[in-house]
Amino acid sequence: MGKACLKWTMLGSLALIFAGCATYPDPATTRQMAEKMVSEDFTAPAPALLKRLVQDKSQQICSKIGDAKLTQEEAAEVVKLARASIQYPASGKLVGNWKIGDNLAHDGAGDRIQGGRLEKRKENGGLCQNCHALAPGEINVGNVGPSLTGYGLQRGNSEAIAKLTYERIYNAWAYSPCSNMPRLGATRHLTPEQVTHMVAYLLDPASPINKR
Amino acid sequence: MNIARRTFLKLTGGAGALAAACAAGLVSSGRVLAANWNKAGFESKALADVMKSLGANGAIESKDIIITAPDIAENGAVVPVAITSKLPNTQQISIVAEKNPFPLAATFDVSGGGEGYVSARIKMGQTSDVWAVVKADGKYFTARKEVKVTVGGCG
Amino acid sequence: MAEPMKIRATLQGDVADVRILMLHPMETGQRKDSKGQVVPMHFIQSVVVTHNGKIVLDTQWSQAVARNPFLGLRVKGAKAGDKIGVTWVDNKGDKRTDEVTVTPAS
Amino acid sequence: MPTTRGGVAAILLACLAVWVAAPALAQSDDPLGVGRKMLAEDNPGELWIEQGKTLFYQKRGPKNASLEQCDFGMGPGKLEGAAARLPRYFPDTDKVQDLESRLLTCMVQLQGFDRADIVKRAISPGGSNGSDVEALALYITFRSNGMTVNVSLSHQKEYDTYKAGEYLFYRRSGQTDFACVQCHGEANKRIRLQDLIHMTDKKGVQEVVSTWPAYRGAHFVVRTMQWRLYDCFWQMRLPELKYASDASIALITYLHYQGNGAVITVPGFKR
């Protein structure tokens, strides 16, 4: 459509007849219009909740349109921001309780807004089941992300693996900039404590995820 | 809208809610009973009692009964079940979800030009065998198929 | 007042494939509404299907039949133009009757 | 993104139930397919078409008028094929409008209904008899059944809206870092057991734009495209998308233009 319109423009005099011949707006104009919509077209029970719509630097970089690729510089910046975001639990212990982690992994609720109300939960669910295969034989699991079945069996449960796993859950973009995986710790969806339980769920040999 | 969501929760919020839904008591005042409604059967809590109420004790398994239902039902509140009986002179077909609190879901009396085929949708509280109980030529036959119930809206 | 059913009766050879959709809450008597009140049991107990006035299927249902129920059946010895009638009655005594004619397969 | 629901206890129960049972997934190639097909073949959504028709031709509202003078872009009262060309620019409102926002305009202007009041009821409670807007949207779209989606961009505002919609489709925010494309940018993906439609693929997006309004099995009512978007943002943990807002229209314009060529078949059937 846009191209056809340009051809008309090239026909010179005709362009005068179709003065202001419609075409796609430039990216800056699009951005301005769309951001105005974002600021006007959503409601929340508290102004603080509306801030969820505001993008941080990394989210801006990661919102590539269509097939546009991340540049090396952009990827490096996202990784840098991600690394800086990672906080560790006060206890210093990165491996928590796998049973709690199991529950969290199968809990997809928490923090949703509906009918002018924020979903009331003591804590948010870990959302894992939505996108990842978990224990062997589980049916009701998604596949947007890679399978986590046997995660600990494949990697062992060394301190280095525990740290890597913790960091990947806390802020996946430290390793895979702009991947689909939410930065669960960095966005404050989960607490550092909750992340340690999920680390245990993934690594503990007794965890159902590591059952053969 | 929050009403929508909450109502929904109570409709199909999870296995627990569904089980409760299926566990509906049959004690209610002022209801009009259809004349031939199999009260004893619909109030039975065990498969054996359902069979008894149908007069189907000692029914034998038959390969001439085909149950069409999903291996996995996405939504326990709407599980499609179709039953085809190739038994000659099929007179009655019942659908029984064994692990429902009240297993007997429906009974269909076939007569005249009715074929040995019915299709319906039932509520299931949990993964269970679904039984077809068929009366043909005065005798009772059964078939069964397991339907796994996942709650699509889980989490 | 009960809403009309949607009935399809299509001829396949000499068999009419009959598919019936009904609008009904099929309340189990266990569900609570948004105000926490138990919604009274309300379900279709009986559906009778006739072919040119003659009963071909007489059903008894419990509240375990799903909301907005579906019933499918086949009627032998049918021809185009035959009448298929359906009547349901629920536990409150509400009833609804609709009728369609059998149409040739398209 | 398909939705997830349930109280905590219910969720845990349900998950545990599934997990304890833990049977092998592959009894047949598509263990869910049989049920999906059986349900879709006889779609209770059809029960709402007549209701929508009645609402359309009935004299209603403070002005006691029908919707017969409503112009969905093909002229007053002309419904055949109208939904297939929406969203589009309307000079009288000087806006690009989708089916539902246009319907609102008519219900307010012709029938005298209060806009805020309709919006409040537009999305009905699950397990109810549905809302007027849901039935009307279904009936109006149903009048384009068998026709091809053919959204055009010619007015400047149509170009602008389309591009804004594209931008929003890819715009990540919130604590899940989600934009639409995180769930709808690849083939054969699922959230738990629910298939995610691949919307950056022509066939996928065509399935989206040709099957709404749809009967939502788990809600027992007809749902519309506006609901579909609203529910996605809910699940993404973002604030609530305003019904018939510019942002919603932009996303719908983007998707429908991408889906041009799809044959409308409503009501759809969704799990």
Side-chain angles (χ1 to χ4, degrees), chain B residues 2-7 10-11 17 20-28 30-39 41-43 75-80 82 84 92-95 97 100-125, chain C residues 14-21 25-36 38-78 82 88-95:
Chain B
N2 56 343
I3 295 172
R5 192 72 64 188
R6 268 187 273 124
T7 309
K10 277 161 191 144
L11 279 170
C22 301
L26 282 155
V27 187
S28 141
R31 82 192 134 92
V32 183
L33 274 181
N36 62 345
W37 201 71
N38 179 8
K39 190 168 183 286
F42 287 120
E43 291 184 4
N75 181 0
V78 196
V79 182
T84 308
Q92 186 188 70
I93 300 172
S94 294
I95 301 176
N100 270 6
F102 298 97
L104 179 59
T107 294
F108 306 82
D109 286 320
V110 184
S111 53
E115 270 203 339
Y117 166 85
V118 290
S119 178
R121 294 165 186 176
I122 63 168
K123 297 167 191 158
M124 285 179 68
Chain C
D14 74 334
V15 175
D17 179 45
V18 181
R19 292 154 179 265
I20 307 153
L21 286 162
M26 300 301 286
E27 291 290 353
T28 59
Q30 286 289 302
R31 193 172 70 86
K32 287 178 181 162
D33 65 15
S34 56
K35 292 179 190 106
V38 172
V39 181
M41 185 153 48
H42 187 200
F43 66 98
I44 293 175
Q45 279 188 312
S46 158
V47 185
V48 174
V49 183
T50 59
H51 172 217
N52 291 336
K54 194 178 73 178
I55 293 177
V56 286
L57 193 73
D58 186 350
T59 79
Q60 304 167 57
W61 283 359
S62 80
Q63 72 280 30
V65 169
R67 189 184 179 103
N68 297 335
F70 167 70
L71 173 61
L73 67 143
R74 289 177 191 144
V75 181
K76 268 188 288 202
D82 283 2
W88 60 250
V89 183
D90 70 20
N91 65 320
K92 290 183 178 173
D94 288 341
K95 54 162 76 175

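Per chain, numbering begins at 1; letters A, B, ... match sequence-line order.
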Inset, instruction - Say whether B:Q92 and B:D109, considering side chains only, have a donor N or O and an acceptor N or O under 3.5 Å apart. - result: yes

Inset, instruction - Could you tell me which of C:L73, C:N68, C:I20 has the largest number of non-hydrogen atom pairs under 4.5 Å with chain B? - result: C:L73

Legend entry - Donor-acceptor under 3.5 Å (C:D90 side chain, C:H42 main chain): no

Legend entry - Flag side-chain contact, heavy atom, 4.5 Å: C:V65 against B:K123: no

Legend entry - Within the 6.0 Å centroid threshold, strictly below: B:F42 and B:W37: yes

Legend entry - Any C:D58 side-chain heavy atom under 4.5 Å of B:S111 side chain: no

Inset, instruction - Under 4.5 Å, counting heavy-atom pairs only, tell me which of B:P80, B:A105, B:A82, B:G112 racks up the most with chain C. - result: B:A105

Legend entry - Closest-packed option against chain B by number of heavy-atom pairs under 4.5 Å, given C:V49, C:V18, C:T59: C:T59

Inset, instruction - Sort out for me which of B:V79, B:I95, B:V110 touches chain C most, counting heavy-atom pairs under 4.5 Å. - result: B:V110

Inset, instruction - Using non-hydrogen atoms and a 4.5 Å limit, figure out which bit of C:V48 sits close to chain B: side chain, backbone, both or neither. - result: neither

